[in-house]
Q: 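Take this structure, written in structure tokens, and hold onto it; I'll ask about it next.
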2 protein chains.
Amino acid sequence: MKPEEGRKRVIIEGVTPEIDSGKFPIKRIVGDEVIVEADILTDGHDAITCALLYRVEGEENWNEVPMTALVNDRWRSSFIVREQGLYFYTVQGWVDHFKTWSRDLAKRVEAGQNVTVDLLIGAEMVAAAREQAADRDASWLSIFAESLRSGGDEGIRHALSPELARLMSIYRDRRFVTTYDKELVVLVDRERARFGAWYELFPRSCSDIPGQHGTFKDVEKRLDYIATMGFDVLYLPPIHPIGSSFRKGRNNTTETNPDDVGSPWAIGSAEGGHKSIHPALGTLEDFRHLIEAASQYDIELALDIAFQCSPEHPYVTEHPEWFRKRPDRTIQYAENPPKKYQDIYPFDFETEQWRELWEELKSIVKFWAEQGVRIFRVDNPHTKPFPFWEWLITDIKREYPETIFLAEAFTRPRALYGLAKRGFTQSYNYFPWRNTKWELTQYLTELTQTEVREYTGPNLWPNTPDILPEYLQFGGRPAFMARFILAATLGPSYGIYGPAFELCINIPTAQGREEYLDSEKYEIKHWNLDWPDSLQGLITHVNLIRKENPAFHTNHHLRFHHVDNDQIIAYSKSSVDGTNQVLVVVNLDSHYKQSGFITLPLEELGIDPRQPYQAHDLLTDARYLWQGSQNYVELNPQTIPAHIFVIRRKIRTEHDFDYYL
Amino acid sequence: MKPEEGRKRVIIEGVTPEIDSGKFPIKRIVGDEVIVEADILTDGHDAITCALLYRVEGEENWNEVPMTALVNDRWRSSFIVREQGLYFYTVQGWVDHFKTWSRDLAKRVEAGQNVTVDLLIGAEMVAAAREQAADRDASWLSIFAESLRSGGDEGIRHALSPELARLMSIYRDRRFVTTYDKELVVLVDRERARFGAWYELFPRSCSDIPGQHGTFKDVEKRLDYIATMGFDVLYLPPIHPIGSSFRKGRNNTTETNPDDVGSPWAIGSAEGGHKSIHPALGTLEDFRHLIEAASQYDIELALDIAFQCSPEHPYVTEHPEWFRKRPDRTIQYAENPPKKYQDIYPFDFETEQWRELWEELKSIVKFWAEQGVRIFRVDNPHTKPFPFWEWLITDIKREYPETIFLAEAFTRPRALYGLAKRGFTQSYNYFPWRNTKWELTQYLTELTQTEVREYTGPNLWPNTPDILPEYLQFGGRPAFMARFILAATLGPSYGIYGPAFELCINIPTAQGREEYLDSEKYEIKHWNLDWPDSLQGLITHVNLIRKENPAFHTNHHLRFHHVDNDQIIAYSKSSVDGTNQVLVVVNLDSHYKQSGFITLPLEELGIDPRQPYQAHDLLTDARYLWQGSQNYVELNPQTIPAHIFVIRRKIRTEHDFDYYL
């Protein structure tokens, strides 16, 4: 034990947030508050003082913020993260002899005891502090010490003065400070890491001419449509050359016609691999132009990262050591026995040359980052090793800290969370299969109110090219509206695969299946964007509501509320500063009108139960005057299956024009 | 990254039990099962195999136990701790290529696919395993490899044989095994650390002659009385010389008469300090004789460790540097301003000579350990530094692993738990102040069903020389009976301060106070053990029931049950093997008869709801025939306020004599 260790009497435990003993960072957005708590205590009756320390990476010195005692030896403080990148935080506590002494002195004085000796004890502490001070502070401390030594009422008054307390907290005895044994990490991202509306489309389906292969230039023409709807991110499936051996035909068949375009995820041909562009889409120049054009619309491009190869991928011949060989000298294709996916060769991450493989794969991400891409949607990350992702994402973010990685982690919960801990900014999740009130409440509560919220950024997708959930198959347009509103209001980040979504495409390959019939994965589609029943208008409206109401930019305050009808779900959110409060009510029954009474926790929402308040439906602009905790709602799915209320408390008198804020 | 690191594809998280990132050990008793769980997973679809590793301190090699997959990537296994001392455990997981291969092979065979190449892949794995095997195993592996190479039905049969699976699990590829990054610790104590009945008495009150100072020899005469009641531990307040400066008089007054004996906790006089014996009690020889005599009755002696000094303690002159000086050259006495305790000098743990102080204090414990004491009740441990106790207890237990430390931690919960984590075997706790059904249910659930059970050993005391709870002051004999039965059946360890308890002494110094009037702390008492209403008989009976029913030896299976009357509390426990099931029902109202219906979770208790079962009251020997989950109870506090049922399921037919077991 070091000379001072035995005299460090403060213990620090139960620090939150802390993920897996501090092995993984928590995640925040620039401007967020990081609230830190800890159990901090010492033996006996001495007073302690505690501080939260934090610093941004690269800074040498800690910033110190005092902590406040809650109940039961729990202390709390917070700091704001103002820069992208890494922050570190830890906690300190020490026995505060001066604070103990002043507290006790006040009691003694109140009990009318003679405090001459106590003042002398204080004078010794003040004199010791004086040795560490300089200039005016030193002079003041000398004066205080002298006054305490002189005693009397003047000495007592000085002893208990805030000015002396202030000086003593600055020039305190730092010998026996206990510092928590871990430095914990915050990974700070930009706003888009949490809040954004995503739109996925297949560039090859963007041509105006039916059947013709679309190009990046065609995508540029589509930007206005996408931007008008209010999307922030345009995600493109892989844009690379597609292999032709074992190419999949329409509807995922193994027989191919010569004109079949293949799946964009079967990456690589004689024309190139993961760093090349499918010639039918255009050139690298065209791609960079698309990025630039999109940015004019405030749209960011997201690229797909799918680490797998078609049998013709250049890697297969250039780096056969990165693939597993079978005893018959062929290369091991992807399998889920007894199913075979002979159009796909997975990388062998157990190869002796794993370092070279890792470096090459990272160079792919880096290549696209160099072209200006800052958002990557990663295909099936759970089929590549966890340590690989941790390494890759850490390295890329060191060079491009603004990079966002969305994990297509349609896998078991521990794997999804394991990837999130290791760096994935956002994750797809089980939202497509959470349809009932109970399911949605349970799942969103797990995502937003438990420890997983510290590192998991959910991105809610009601559909993807691979997933046409049963709910959408049977509910018609009302089902699409309901699921869209749920995704867009439950998820600060959400996305749709369009135009299939806004056009309410809902025919599966077969009953009980969730694949799209005539899936765009295997053919060029020509979408009729002018379909009169398109959800384009609703989407535009909801995205605007999202942007204008900061309550939708975070999920921290998501709360579900009781409705006496299991077909109606109700939840509220508020902005971080509490000024914007929204209440969303959705009828989950796509067929029938449903009604019921919502019970709101008025006290928690800061609403006076004796005053009326206004529920202003931003979708219809209807304003309902409510009072008390129970109020009636009625929703007809055939018109619109949801309310998106902003809650306005009465704050003005009848002499004002606008009563509610 | 080391050469193999990148290929370790298994991740291990969420290991339980693990206290504060593994900083503190969990605690168990010899013979206990340690159940370990972890989240273990890998990327993709490969099968993994997981093992729990454990070893006793001093052993070099790990014992390996296979883990079983539960749901959601959670794995579990367990081991039995068979020796006192420290055990270590950790967890491993690895991608099991052979298991993956056999699983997939079976699917391919079932789908009628040609598996020739697959068998060759298997043959390669078997041949590689063969290189690590010797003798018969090597021969067998060669045969298997050859058979797989030959293919056909014979090859398939061999490929999927349990014998090959067994060999392959022994000679597995160990290169890419992931080992959890912590070795966690189990502190294993003997049975008395968990299960025991304690009895506290003041030796000086044991003389047959009223007013005469009792001796160790008098205590020996009292052993039969204590042993007959069934106590396992006899705890003596400090037995050291008592200081006379500022000695406290009767009822804790500051005026003393010359014949006042003082508080035993004011330790030290010219006659010696913490390693000396109060001359009026006898000699060190007498003390050792008492230990020996007690052991004849299967009673262990527990000594009080109170690290504080009277002003005459030899330390005060020999080691003035261990005490804090005031500016007037006096030594700082104990205080809780404005209260002063001038008869007590606390040690200054911030002294420059803290190492010497620590060593000396440890030598006190060691001195008494050398006399044969193995149980210490530590006075106010929360007023000495946490790191000090961690160091002292670790060192003492290294030399005397069977030592038990009971913390008198009447302090805030975090401090109590902090001391338990740092080595205290048991703790006093808030039981004296938990009297209502809600309070008892909440508190015992916290102690026995949350993480604190891993390191906190509660010892339940309905009274102590310092605490006469209000409940006992007003409830008369029924209150003492109820509190005794609660302590003895809710706590595998419990204790009473006698004879004040069994004689139902219940007069406080004043209304609203919890101190005993004419407290034994400040005077010699002469107790009438033959008082006809003494609880001696009840205590004897209950201690016998405790010993005979293993359900009372642990709290792991404590469950509270609903009763439709808030004055009646009901809880069940079962032995570790489940064969002994008890149900305790207590009327908490000391004045009125109370009745109600108890609801039991029959399925959890393994009772067939269609069959009758027997509730056999071990206190009265009454047998109630119950059926279904709801049954009626009625308890009159004037006779006996509780049932201690053993639950017997019907297992025999009407042809047998005894229907229930």
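Letters A, B, ... are given to chains in the order of the sequence lines, protein chains preceding strands, and every chain is numbered from 1.
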Q: Can you say whether B/Asp104 sits under 4.5 Å from chain A via the side chain, the backbone, both, or neither, judging by heavy atoms?
A: both

Q: Which answer fits B/Asp39, side chain, backbone, both or neither, if we ask what part of it has an atom under 4.5 Å from a heavy atom of chain A?
A: side chain

Q: Rounded to the nearest 0.5 Å, how far apart are CD1 of B/Ile40 and CD1 of B/Ile12?
A: 5.0 Å

Q: Please classify the contact of B/Arg329 with chain A as side chain, backbone, both or neither, using a heavy-atom distance under 4.5 Å.
A: neither

Q: How long is the straight-line distance from CG of A/Asp46 back to CG of A/Asp96, given to the nearest 0.5 Å?
A: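 Result: 9.5 Å between the selected atoms.
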
Q: Under a 4.5 Å heavy-atom cut-off, does chain A meet the side chain of B/Arg103, its backbone, both or neither?
A: neither

Q: Is there a donor-acceptor pair closer than 3.5 Å between any side-chain N or O of B/Thr90 and the backbone N or O of B/Lys182?
A: yes

Q: Which value, rounded to the nearest 0.5 Å, describes the distance between A/Lys339 atom NZ and B/Gln113 atom CD?
A: 12.0 Å

Q: Of the backbone (N, CA, C, O) and the side chain (C-beta and beyond), which part of B/Glu110 lies under 4.5 Å from a heavy atom of chain A, both, or neither?
A: neither

Q: Does any heavy atom of chain A fall under 4.5 Å from the side chain of B/Arg324, the backbone, both, or neither of them?
A: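 B/Arg324 touches chain A through side-chain heavy atoms alone.
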
Q: Using non-hydrogen atoms and a 4.5 Å limit, figure out which bit of B/Thr351 sits close to chain A: side chain, backbone, both or neither.
A: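 Contact with chain A involves the backbone of B/Thr351 alone.
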
Q: With only heavy atoms counted, which part of B/Lys421 is less than 4.5 Å from chain A, the side chain, the backbone, both or neither?
A: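 For B/Lys421, the contact with chain A is made by the side chain alone.
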
Q: Examine whether an atom of B/Lys340 lies under 4.5 Å from a heavy atom of chain A, and if so say whether it belongs to the side chain, the backbone or both; otherwise answer neither.
A: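 For B/Lys340, the contact with chain A is made by the side chain alone.
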
Q: Taking side chain as everything from C-beta outward and backbone as N, CA, C, O, which of these in B/Tyr417 sits under 4.5 Å from a heavy atom of chain A? Side chain, backbone, both or neither.
A: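 For B/Tyr417, there is no contact with chain A at all, as no heavy atom is under 4.5 Å.
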
Q: Chain A heavy atoms under 4.5 Å from B/Asp181: which part of the residue, side chain, backbone, both or neither?
A: side chain

Q: Can you tell me which portion of B/Gln332 sits under 4.5 Å from chain A's heavy atoms? Options are side chain, backbone, both or neither.
A: side chain

Q: Is it the backbone or the side chain of B/Glu124 that comes under 4.5 Å from a heavy atom of chain A, or both, or neither?
A: side chain

